[in-house]
Each structure stands twice: as C-alpha cells, then as structure tokens.
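Comments concern the structure below.
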Amino acid sequence: SSFRIFGAQNPLQQGGGRKGLPKSFLNRFTKVYIERFVAEDLERITGALYPQIDAVTISKMVRFNTTIFSKTSESRQIGRLGCPWDFNLRDILRWAELIEKHFSADIAGAQPGDEEAAKWVDLLYMQRMRTKSDRAAIARVFSQVFDSDVHVDVSPPFNFSEEHFTVGRSTLPRKKQVLICGEVELLQQQMNTVEAVLKAIEMRWLTILVGDSGSGKTSIVRLLAQLSGNDLYEYTISDAADTSEFLGCFEQVDPSKAMQSTISQLKLAAEQCAERLVLLQDQEAVEASRSLLDSAVQLQQLSNYDASLEELDKQQRVQKQALQSSHLLQQIEQIMSRFGISYDTQSLHDALHNNASASSNTEAGRFEWVDGKFLEAVEHGGWVVLDNVNLCEPTVLDRLNPLFENGGVLQVNEQGLLNGEVRTIQPHPDFRLFMVMDPASGEISRAMRNRGLEIFVLPPHVDSRDVVLLLNKMGFAGDVIAAH
C-alpha cells in the first residue's frame with residue numbers, strides 16, 4: 001500500500017532526442033505540469049541559500065537572468081546562433097556561488113552587492129554567446145538592469161608557481177612539476193577562455209567547450225592537464241557510442257590482461273618518480289632515475305601480449321610478470337625512501353594483490369565486470385574529454401545527468417547487484433568532465449547544456465602574435481604576417 005511510482009521528464013518540444021511516451025501508458029498516470037519559477041520564487045530560493053548577498057542585488061540578478069531568457073529564447077533578439085537557450089535557477093545559483101566564494105569584506109558585516117555581481121557576468125553569460133555582437137548585447141542588458149558596466153578582462157594576467165597556475169581570478173593547483181609540456185602552446189588571445197575553463201575546474205562544474213573545428217578547444221584542456229599533472233582520458237564520440245564505452249561491461253576473466261593494466265600503472269609510477277628525482281638536480285638521483293626507467297622498460301618488454309599462447313604458457317608468463325612487477329615496486333619504494341620523497345604505492349600493492357587472487361581462480365568461462373576508463377576517472381579522480389559529444393545518442397549522454405546535480409552520484413545498474421545493492425559511486429574530488437563539440441554537427445540537449453558551464457571559443461585573429469608563434473613552431477621563419 002506504500003508503493004508509489006513518480007515519473008519526471010522535460011517537455012517533449014524541448015527536443016534533445018527524447019521520445020514521447022505512448023498514450024496508453026500516460027493514461028495510467030496523473031499528469032502534473034510544473035510551471036517555470038517566477039521572479040519571486042527565484043528571489044526567495046536564492047536569498048534562502050545565500051543570505052549574505054544583498055537582497056537588492058539578488059533581485060537585480062533575477063531580473064537580469066529573466067530578461068536574458070526572454071531575449072534569447074522567446075523574442076530571440078539575442079543569441080540566434082546556438083538557440084534555443086535556457087537560463088533558469090541553475091544559472092542564478094552558480095552566479096551566487098561565485099559571489100559568495102570570492103567576496104572578502106573590508107568592513108565587518110558588509111554584504112556583496114552589484115560590484116561583486118558584475119565580475120562574473122562575462123564568465124557565466126557572455127562567454128557562452130557565439131558572436132561578439134551577442135556578447136555586447138548581454139553587456140548592455142546588464143548595464144540597463146544594474147546601472148553599471150560589466151567587468152571584462154580580455155587578456156587577464158597569468159602566473160606560474162610550484163603549487164599553482166593562476167589566470168586572472170582563477171587558480172589551478174599543480175600536482176607535480178612539468179618537465180616537457182608537449183606540443184600545446186599557451187596563446188595570449190585564449191587567456192580569457194582559459195580563465196573561464198580554470199574557474200569551472202576550480203568550482204567542480206561540468207565544462208562544455210563549443211567552437212569551430214580547429215579553434216583549440218581540446219588543446220586548452222590538454223594544456224591544463226599537463227600543467228596541473230592530472231591524468232587525461234580522451235574519448236572521440238561517434239553515433240555508435242553506448243553506455244558500455246563509459247561505464248564498462250562484463251568480460252571473460254583473463255589474468256594476463258589484468259596484468260597488462262598493472263604493468264602500465266607501474267610504468268607510469270616509475271616515470272613519475274624519475275621526473276621527481278631529476279628535479280632534485282643531484283647526480284646520484286639522476287642515476288637512480290635511469291635505473292628506474294631501465295627496469296620499467298624491461299618489464300614493458302616482458303609484457304608484450306600474445307593472444308595465441310596456450311593457457312599454460314600464459315600462466316607462466318603472468319607469474320614471471322608478477323615477480324618482476326613486484327621487484328620494480330620494491331625498487332620504487334626503496335629509491336624514493338632513500339631520497340626522502342613521499343610517494344603513495346598502496347594502489348599498486350592492491351593491484352598486484354588482485355592479480356594474484358585472479359591468477360589462482362581461473363575457472364573456464366568465468367566473467368567479471370570491468371570498469372571503463374570513464375568510470376575509473378569518476379571513482380579514482382581524473383579528467384575526461386568527450387570530443388564530438390554532440391554526435392552521441394542523447395539517451396546515452398543523459399545517463400550521466402545524475403553526476404551533475406548537487407551531491408550527485410552515479411549508479412551502475414548495468415553491473416547488477418553487489419551484496420544486494422546497486423553499486424553507487426560518489427565522484428572523486430579530482431574528477432572533471434569536459435564536453436567538446438563543433439556546433440556544425442548539431443547541439444546536445446538543453447538539459448545537459450544547462451547542467452554545465454558553456455564556453456564558446458571564438459576563432460583566432462589571423463594577424464595576432466599567437467599565429468606568428470604557431471607558424472614559427474611549424475618551421476616558418478619571421479615575426480610579421482604579410483598583408484594581403
């Protein structure tokens with residue numbers, strides 16, 4: 001008698017690939033249409049959640065947000081490129097969250113007001129617009145509502161330190177020193193966009209990077225991952241992508257494949273330790289780093305996977321790999337201890353222990369659940385890029401929606417029950433997701449766009465110093481672009 005079913009869905013006319021439910025099914029439910037929040041509702045909710053913000057400022061924020069929604073989604077005076085847009089409570093709460101986090105009162109009891117609100121309009125509203133004229137129109141609406149100008153710094157200053165990388169008002173912690181930063185350049189004209197992406201990372205928001213092909217969307221994320229020392233997993237999405245690519249699937253147990261993964265982890269650990277040893281600028285430490293890398297290369301050579309081996313040969317190879325992996329792990333711990341460098345090896349010990357358990361239980365035909373790289377990043381921390389995300393089936397992408405709610409979690413129903421319960425994953429504090437798309441191939445659903453911070457990467461100026469830098473790097477000499 002206490003069992004109830006509640007269904008919820010966005011209006012069908014909002015698109016996003018959603019299918020309508022059959023009338024025979026809908027007739028069994030009592031349908032209730034929930035209207036949009038009115039201005040008074042938005043003010044009460046925001047005021048209750050952020051009481052320290054001046055009530056008059058909250059009223060102006062709501063009026064500005066409502067006006068932008070009207071001009072973009074109803075009359076379409078602004079933002080015809082990229083429509084339909086959705087500006088609602090989520091945008092106001094993100095705005096209030098930024099104001100609260102970055103406000104420092106000079107006078108006891110002072111409340112953040114219009115001046116603090118103006119600092120974040122460019123990040124939250126203007127940078128999602130896809131033309132300069134639309135961004136200017138957003139600034140004019142703000143001036144009309146707040147009777148003040150928007151604060152926009154198109155070339156914010158940046159600063160490197162051992163612990164942080166800072167651009168404007170955004171800061172990214174660095175996990176390790178970077179010896180080589182790959183093929184990615186930090187371009188001056190992209191600094192405003194980089195500041196916005198950094199702020200989304202800092203606030204743990206979903207980041208949606210939109211722009212034409214070749215505008216540098218993915219390169220920005222790669223650069224920030226390299227500078228901060230975060231692991232980056234890249235997915236190139238197609239219309240054939242399904243949830244198993246993100247979450248994982250059941251596979252037949254093969255200890256040799258599990259050992260391949262452990263060897264990759266050990267090789268990465270050896271490279272990271274070698275980098276830290278080199279940075280000590282000590283001859284003995286450099287020799288120790290070479291020794292580590294040599295051992296990692298020997299282990300990698302031993303791990304060449306051969307599916308044609310007989311089962312007995314596979315088991316013997318796995319045992320040999322496990323023995324050498326254990327030796328490399330001991331070598332890492334001894335060297336790092338000798339030079340007084342802390343390095344967490346618990347996950348490597350756990351991986352070796354799990355491999356030993358799997359090797360002793362080799363029942364034919366046994367299957368086990370294998371997490372996808374996306375799920376590993378969610379659980380253990382890591383950055384994920386979904387490139388061409390607008391090619392993904394909306395139903396697959398909406399599977400990730402729960403991650404981006406306040407206090408959101410991800411339930412892995414596909415794995416079945418574990419101890420009578422569905423596996424539920426709390427996102428790791430270091431997990432970040434970046435969705436990258438070229439709007440020429442379509443849009444993602446309004447529901448997904450509204451759950452993240454959307455940033456449009458404007459095409460570069462051809463006559464800029466950044467273009468000269470890139471041409472020089474490609475081998476073209478000179479410091480001036482010829483007029484044409």
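Numbers here are sequence positions counted from 1.
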- Item | Option among Phe64, Trp95, Phe69, Tyr125 that satisfies the ring-ring contact (aromatic ring centres under 6.0 Å, His included) test with Phe87 |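 When ring-ring contact (aromatic ring centres under 6.0 Å, His included) is applied between Phe87 and each of Phe64, Trp95, Phe69, Tyr125, only Tyr125 qualifies.
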In terms of side-chain heavy atoms, does [X] have a donor or acceptor partner in [Y] at a distance below 3.5 Å?
X: Thr131; Y: Asp134; value: yes
X: Tyr343; Y: Gln272; value: yes
X: Gln346; Y: Asp350; value: yes
X: Gln265; Y: Ser347; value: no
X: Glu333; Y: His349; value: yes

Of the non-hydrogen atoms in [X] and [Y], which two are nearest, and what is the gap between them?
X: Arg449; Y: Glu454; result: NE-OE1, 3.0 Å
X: Leu123; Y: Gln127; result: O-CB, 4.1 Å
X: Ser161; Y: Arg174; result: O-NH1, 2.8 Å
X: Ser325; Y: Met259; result: OG-SD, 4.1 Å
X: Ile335; Y: Leu292; result: CD1-CG, 3.7 Å
X: Leu224; Y: Trp383; result: C-CZ3, 3.7 Å

- Query: Do Tyr50 and Ile99 have side-chain heavy atoms sitting under 4.5 Å apart?
  - Reply: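 Side-chain contact under 4.5 Å: no.
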- Lys175 and salt bridge (Lys or Arg N to Asp or Glu O under 4.0 Å): which partner among Asp430, Asp231, Asp344?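 Single salt bridge (Lys or Arg N to Asp or Glu O under 4.0 Å) partner of Lys175 among Asp430, Asp231, Asp344: Asp430.
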- Item | Mutual orientation of the aromatic rings belonging to Trp120 and His102 [parallel < 30°, tilted 30-60°, perpendicular > 60°] |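 Geometry flag for His102 against Trp120: tilted rings.
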Counting only heavy atoms not in [X] (residues, nucleotides, ligands), do more than 12 fall under 6.0 Å from its [atom1]?
X: Arg80; atom1: CZ; result: no
X: Glu421; atom1: CD; result: no
X: Phe158; atom1: CZ; result: no

- Task: Among His428, Gln426, Arg423, find the one that has a side chain to side chain donor-acceptor pair (under 3.5 Å) with Glu379.
- Result: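 Result: among His428, Gln426, Arg423, Arg423 is the only option passing the side chain to side chain donor-acceptor pair (under 3.5 Å) with Glu379.
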